[in-house]
Structure formats: C-alpha cells, structure tokens
Amino acid sequence: MTYDHFFSVALARLHQERRYRVFADLERIAGRFPYARWHSPDGPRPVVIWCSNDYLGMGQHPKVISAMIETATRMGAGAGGTRNISGTNHPLVELERELAELHGKEAALVFTSGYVSNETGIPTIAGLLPDCVILSDAWNHNSMIEGVRRAGVEKKIWRHNDVGHLEELLAAEVLERPKLIAFEALYSMDGDVAPVKKICDLAERYGAMTYIDEVHSAGMYGPAGAGIAAREGALHRIDVVEGTLAKAFGCLGGYIAANADIIDAVRSYAPGFIFTTALPPAVCAAATAAIQHLKASQCERDRHQERAARVKAVLNEAGLPVMPSETHIVPVMVSDPEKCKQASDLLLAKHGIYVQPINYPTVRRGTERLRLTPTPYHDDKLVDALAEALVDVWRRLGLPLRSRVLAAE
Ligand SMILES: *Cc1c(COP(=O)(O)O)cnc(C)c1O
C-alpha cells in the first residue's frame with residue numbers, strides 16, 4: 001500500500017481552494033524594526049513588515065535582548081526539564097509573580113505558548129467543575145475552540161459579542177449548574193472589543209465563571225498595559241485572564257492569571273502544563289523585562305494608537321476599503337481569496353511590503369482581507385508608501401477604490 005497519495009490529494013485540495021499557505025522566508029533586523037530581509041527566490045531583498053504581531057516592537061527592545069543574553073550566558077539555553085522534573089527556574093518564578101501583579105490576581109501560571117494555555121487551561125478548569133457548561137463566543141480563537149472541545153462537556157456558542165444571546169443561553173440553565181463564559185477581549189481579525197462589563201454583569205447575575213483571552217490587548221491597553229478588562233474597570237470581576245508573551249511582549253510563552261486555588265489546581269491537573277519542558281530561563285527573563293518596561297512606560301501605547309489612527313486615515317483618504325475598527329488592527333477588505341493572495345504577492349514582489357493574506361478558515365469565506373498591524377515604528381514615510389503601494393495593487397487587480405469625493409463624505 002502506498003500512502004503518499006493521501007497526502008498529495010489533501011494538498012491538491014488546498015491548492016484548488018486557493019488555501020495553500022506559502023511562508024515568506026524573512027530575517028528580522030533588530031534595531032531596524034519593521035525592516036527585514038526577505039530571502040526571495042532571487043536572493044535577499046529588503047522589505048517592510050506590516051503584519052507583525054510583535055505589536056510594539058518589544059522583541060527588539062535593548063532591555064529585552066540584553067535580559068535574554070545575560071540570562072542565557074549565566075543559566076544556559078534550555079530549562080532542563082518539565083516543571084516537575086527540574087525545570088522550574090528562578091526567572092520563571094519571577095515572571096509568574098510579575099504576571100499575577102500585572103493582572104491584579106493572586107497567582108499566574110506560565111505555559112509554553114498562548115495556544116497551549118487555552119488548549120489545556122480551559123478543559124482543566126471546566127473539568128474540575130461538576131457538570132459544567134461552557135459558553136463560548138462564536139469568534140473565539142482556534143486555541144479556545146480546541147480547549148472547549150477537549151473539555152468534553154456541554155458547550156453553547158453565543159453569537160459574537162451578542163450579550164442578548166449570551167443571556168438567553170445563561171437563563172436556560174438552572175442557576176446551580178456551573179457555567180464558564182469564555183471570550184476574547186479583542187478579536188484580532190476585525191479589531192473589535194468585547195462588551196466586558198456587560199458580560200461580567202451577566203456572569204454575576206447567572207452565577208458564571210469568566211475566562212478572558214487578553215492575547216491581543218495585554219501590554220497594549222489599560223493602565224500599565226494590564227489589558228482591556230483593566231481599562232474597563234472590570235479586572236476584579238474576571239476569574240481567569242489568559243494571555244501570551246509572544247505578541248506585545250515580543251517573546252514566547254502563554255499564561256493564565258487567577259486566584260491562588262485556580263492556578264494551583266491547573267498546575268496540578270493540566271496535562272499540557274505537566275508533561276512538557278518549561279520555557280528557557282532566558283525567554284522568561286526577556287518577557288519579564290518587556291512586561292516591566294511596558295508597565296512603567298506609556299509612550300509605546302500612545303504612539304501605537306496614534307500610528308494606527310494615522311494608517312486608517314491615510315488609507316481611507318486614498319479610497320481603500322478599510323474596515324472600521326476601534327483598535328490597533330487595520331483590516332483592508334478584499335473579499336476574494338485569489339485576489340487577496342495576489343495582492344499580498346504583488347505588495348511583496350513589486351513594493352517590498354510584506355502583508356500576509358488572511359483567508360478562510362481564519363476568517364469567514366467572502367471576507368478575505370489584508371490585516372495591517374501598524375507599530376510605533378511605522379513612520380509617516382512608511383505609511384504613505386504603503387498607501388501608494390496598495391492603490392497600485394488595487395488598480396492592477398481591478399479591485400474597487402472609492403473616489404476621493406466619496407471618501408471625504
Ligand atoms: C495568537 C493567539 C493565541 C495563541 O498565542 P501564542 O502565544 O501565539 O500561542 C491565543 N489566543 C488568540 C486570540 C490569539 O490570537
């Protein structure tokens with residue numbers, strides 16, 4: 001029997017649906033963010049990255065890099081084991097202390113990624129609640145969907161950000177039944193924000209636990225970068241905050257923060273925590289440096305918001321279909337998977353601009369888009385060059401542009 005056939009058929013299906021993913025071979029240049037070198041088929045070329053999730057450029061911050069180097073020099077490269085078997089290192093303990101404080105909780109627990117923290121955190125928490133029902137927002141990230149699936153308990157999906165629907169589902173349960181509401185603070189494909197306070201109101205009225213994913217908001221919103229729930233004054237009403245060290249904090253790893261017993265229970269029961277090697281001490285120290293810097297410094301957050309507003313204004317003025325968003329995410333609609341891919345290819349080949357196409361299944365079919373993430377380091381010159389490049393690509397592909405008159409309305 002030959003098995004190769006099954007894999008080539010699966011790949012052919014992706015090609016046919018225009019969903020086959022190609023990764024650009026990039027080399028980021030520390031100190032020159034958002035510039036990078038692209039190892040193109042014709043050799044290395046300079047490019048500007050417009051879709052990084054290193055939202056504040058902390059991955060190249062001198063304090064973060066030097067914490068990483070200094071710690072690796074003193075403690076070596078790897079952690080040396082799982083947390084149970086010799087992997088708990090001092091920088092990891094300090095990082096957890098820092099995260100607990102950031103989110104105003106008693107304790108925090110670090111995982112090897114944000115993905116793992118949802119995938120193993122949600123089922124562990126739900127699994128310890130007798131006959132739990134999970135109420136999950138329809139647009140939740142794949143890591144939360146997988147977490148909910150693994151929980152193997154009853155789940156109910158509420159329409160995205162629709163608190164009326166959430167209330168209907170909550171009201172249908174008997175008050176005594178344990179309920180876990182799982183949602184994101186900031187949805188990263190549309191850049192919209194959850195009605196956190198209203199969700200907390202419902203959680204209190206119907207006796208539900210709340211689990212918020214602050215992956216796209218921690219470090220960037222709220223006082224000291226504590227996130228959206230903190231900005232809304234609702235942090236103390238949230239039971240579990242989940243986040244990543246890989247986006248605004250520019251490193252790697254994920255975490256949950258909650259009261260001491262919840263954290264201790266997840267530490268003791270979560271397979272995705274117990275049976276995997278701990279994060280390297282150097283990564284932990286670097287993440288702690290990033291968190292501490294962003295706690296004390298507001299200027300990155302201010303500049304980040306100012307840059308995002310600038311990009312939206314310039315692209316709108318150029319007649320491009322910018323989706324309205326209340327956050328730092330700037331989605332530009334293409335609404336066609338083939339053209340979305342072509343637009344991304346043309347931007348890279350003709351303009352040295354790197355923006356990944358966002359197609360199904362990351363977003364719904366027909367809402368394919370380019371998702372721009374301006375950082376504090378995208379200056380006016382880069383913004384203007386981006387607008388010009390996008391207009392050129394829109395013309396080449398016959399995509400619709402609003403006229404200037406309409407744009408001014
Ligand atoms: C990126 C992301 C994660 C996963 O975080 P990683 O640290 O990259 O694994 C979790 N939730 C959401 C909403 C995300 O966008």
Side-chain angles (χ1 to χ4, degrees), residues 21 23 28 51-56 58-59 64 92 95-96 99 102-103 108-125 134 136-150 157 160-161 181-194 196 199 210-221 225 227-229 238 240-257 266 270 272-273 276-280 283-284 286-288 290-291 325 327-331 356 358-359 361-364 369 371-373 375:
R21 293 171 197 255
F23 301 149
R28 304 208 298 162
C51 56
S52 179
N53 278 345
D54 186 355
Y55 291 124
L56 301 176
M58 291 306 288
V64 176
L92 185 39
L95 171 60
E96 288 179 337
L99 287 165
L102 175 69
H103 293 294
L109 192 68
V110 166
F111 301 82
T112 43
S113 75
Y115 194 98
V116 170
S117 60
N118 279 331
E119 191 193 37
T120 200
I122 292 173
T124 303
I125 292 166
I134 302 179
S136 179
D137 185 286
W139 285 15
N140 276 346
H141 187 257
N142 178 271
S143 55
M144 300 178 87
I145 295 172
E146 277 301 309
V148 171
R149 200 177 59 77
R150 274 162 195 252
I157 311 295
H160 174 58
N161 274 354
I181 304 176
F183 63 107
E184 294 181 33
L186 194 165
Y187 291 83
S188 76
M189 290 302 146
D190 286 41
D192 57 335
V193 169
V196 180
I199 292 170
T210 45
Y211 182 107
I212 193 170
D213 176 314
E214 292 257 21
V215 161
H216 294 279
S217 40
M220 290 172 280
Y221 295 85
I228 297 277
I238 296 283
V240 183
V241 178
E242 182 272 341
T244 184
L245 304 168
K247 287 167 186 170
F249 300 127
C251 296
L252 180 70
Y255 63 89
I256 57 171
V266 175
F273 172 81
T276 189
T277 298
L279 278 188
V283 173
C284 300
T288 301
I291 297 163
S325 124
T327 60
H328 61 281
I329 309 284
V330 184
Q356 186 74 19
I358 308 279
N359 284 355
T362 309
V363 294
R364 284 140 291 151
R369 67 197 68 178
R371 171 184 174 273
L372 305 168
T373 54
T375 72

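Counting starts at 1 for both ligands and their atoms, following the listed order. Computation of the quantities below employed the complete heavy-atom set of this structure, encompassing side-chain atoms and omitting hydrogens, waters and symmetry-equivalent molecules.
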Shortest non-hydrogen separation from N161 to V193 and the atoms involved: ND2-O, 3.2 Å

Neighbour count above 12 (heavy atom, 6.0 Å) for R364 CZ: yes

Within-cut-off N or O pair, E184 and ligand 1, under 3.5 Å: no

Nearest-0.5 Å distance that lies between atom OG1 in T124 and atom CZ in R150: 10.0 Å

Whether F273 and F111 hold their rings parallel, tilted or perpendicular, with breakpoints at 30° and 60°: perpendicular

Shortest protein contact, atom 7 (O) of ligand 1 (heavy atom only): T244 OG1, 2.6 Å

Distance-only N or O hit between ligand 1 and E242, under 3.5 Å: no

Exercise: identify the closest heavy-atom pair between L95 and A287: CD1-CB, 4.0 Å

Top protein contact for atom 12 (C) of ligand 1, by heavy-atom distance: H141 CG, 3.4 Å

Within-cut-off N or O pair, H216 and ligand 1, under 3.5 Å: yes

Protein residue, atom and distance nearest to atom 2 (C) of ligand 1, heavy-atom basis: K247 NZ, 2.5 Å

Distance filter under 4.0 Å to Y115 heavy atoms, resulting ligand 1 atoms: 4 (C), 5 (O), 6 (P), 9 (O)

V215 N/O under 3.5 Å from ligand 1 N/O: no

Closest approach of Y55 to A248 (non-hydrogen atoms, all atoms of both residues): CD1-N, 4.2 Å

Per-atom contacts, ligand 1 versus G114 - under 4.0 Å to a heavy atom: 4 (C), 5 (O), 6 (P), 7 (O), 9 (O)

Atom 11 (N) of ligand 1 [closest protein heavy-atom partner, distance rounded to 0.1 Å]: D213 OD2, 2.8 Å

Closest contact, heavy atoms only, I228 versus S217: CG1-CB, 3.4 Å

Region of M144 engaging ligand 1 - heavy atom pairs below 4.0 Å: neither

Donor on one side chain, acceptor on other, D192 and H160, under 3.5 Å: yes

Sub-4.0 Å heavy-atom approach of G254 to ligand 1: no

Of N118, T244, N140, the residue whose pairing with D213 passes side-chain hydrogen bond (donor to acceptor under 3.5 Å, both in side chains): N118

Numbered atoms and elements of ligand 1 in range of S143, under 4.0 angstrom, heavy atoms: 10 (C), 11 (N)

